[in-house]
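Lettering follows sequence order; numbering is per chain, from 1.
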Amino acid sequence: MRHVFAVFLAYLLFILAGIAFFLVVGLRHL
Amino acid sequence: MRRFVRDNGIALLFGALFLGSVAAQAWTGWHVYNHDAQAHDSDTIGLGRYLISSHYGQAVLENWQSEWLQFLLFALATMFVVQKGSAESEEEARMSTDKEERIGRYAQSDSPRWAKTGGWRTSVYSYSLLIVMLVIFVGSWAGQSVTGWTQYNAEQRDHGEPATSWSGYVRSAEFWEDTVQNWQSEFLVIGAVAIFSVFLRARHSVESKRVGAPHAETGSG
């Protein structure tokens, strides 16, 4: 299951990173 | 490698479709942005700069938030309401027992660790999918609000009008139009899929009842 968990983690971290990235973009008025 | 691809087929297929679409959105959004800039006699920008713009962020996140809200509400709603005959519904809305959920003393040896422990860990783990979807929904809606706010103020500046505060923006018609235009389509599809699956079939798909299943049979079986 480790190879499936790796994909799960990649999805979750990508989504959270995407949200954090655009929160910073918006708050820095870019 | 072959096993990795086979075992992760759905995640890899939709991950690839997502990356292709979000790249196409960046390319086309960049053209739209520069077209607007030229029409307003403003400076055009490079693609790299567009990728870190509120224009792009707002367009991405307003769609994200509505998808997470849709899944969250659907998961919550199916605990309390049913749709007779639907592949997407249970026969009756009732709370499942610990035995049915295989938690606490009913857990198997290979059940997830937090399903076995009981107490707060099992409570949290029991709703972990909902918790994560809620966090992502709130996060992307917040992201939509700040990128939309920044973009709104940039437009105000272009038109020689005063900037507004974030709290003013989230009470504006602009913010709510961007929000509810995404919600309406999600809610329509959820309702339609639930009722369509009573009478229509998709052979071989988990989203469907068996082709020969009676219309009155509820659940995908």
- Using a heavy-atom cutoff of under 4.5 Å, enumerate the residues of residues 23-30 of chain A that contact chain B, numbered in order, or state 'none'. A:Leu23, A:Val25, A:Gly26, A:Leu27, A:His29, A:Leu30

- When the 4.5 angstrom heavy-atom criterion is applied to B:Arg49 and chain A, the contacting part is side chain

To the nearest 0.5 angstrom, please state how far the [atom1] atom of [X] sits from the [atom2] atom of [Y].
X: A:Ile15; Y: B:Trp68; atom1: CD1; atom2: CH2; value: 4.0 Å
X: B:Phe18; Y: A:Tyr11; atom1: CZ; atom2: OH; value: 8.5 Å
X: A:Met1; Y: B:Asp7; atom1: CE; atom2: CG; value: 8.5 Å

- Item | Members of residues 154-193 of chain B whose heavy atoms come closer than 4.5 Å to chain A | none

- Output the residues of residues 112-151 of chain B for which the shortest heavy-atom distance to chain A is under 4.5 Å, in residue-number order; output 'none' if no such residue exists. B:Val132, B:Ile136, B:Gly139, B:Ser140, B:Ala142, B:Gly143, B:Val146, B:Thr147, B:Trp149, B:Thr150

- Item | Parallel, tilted or perpendicular, as decided by the 30° and 60° cut-offs, for the rings of A:Phe22 and B:Tyr56 | perpendicular

- Please look at A:Phe8 and chain B and tell me whether the side chain, the backbone, both or neither of the residue comes under 4.5 angstrom of a heavy atom of that chain. neither

Crowding at [atom1], [X] (>12 non-hydrogen neighbours, <6.0 Å):
X: A:Phe21; atom1: CZ; answer: yes
X: B:Phe74; atom1: CZ; answer: yes
X: A:Leu13; atom1: CG; answer: yes
X: B:Glu90; atom1: CD; answer: no

- Message: Within the structure provided, determine whether A:Val4 and B:Phe4 are in side-chain contact (heavy-atom separation under 4.5 Å).
- Response: no

- Residue from B:Val60, B:Leu61, B:Ile52, B:Asn153 scoring the most non-hydrogen pairs under 4.5 Å with chain A is B:Ile52

- Message: Can you list everything that forms a side-chain contact (heavy atoms from CB on, under 4.5 Å) with B:Tyr33? Sequence neighbours excluded, please.
- Response: B:Ile45, B:Tyr50, B:His55

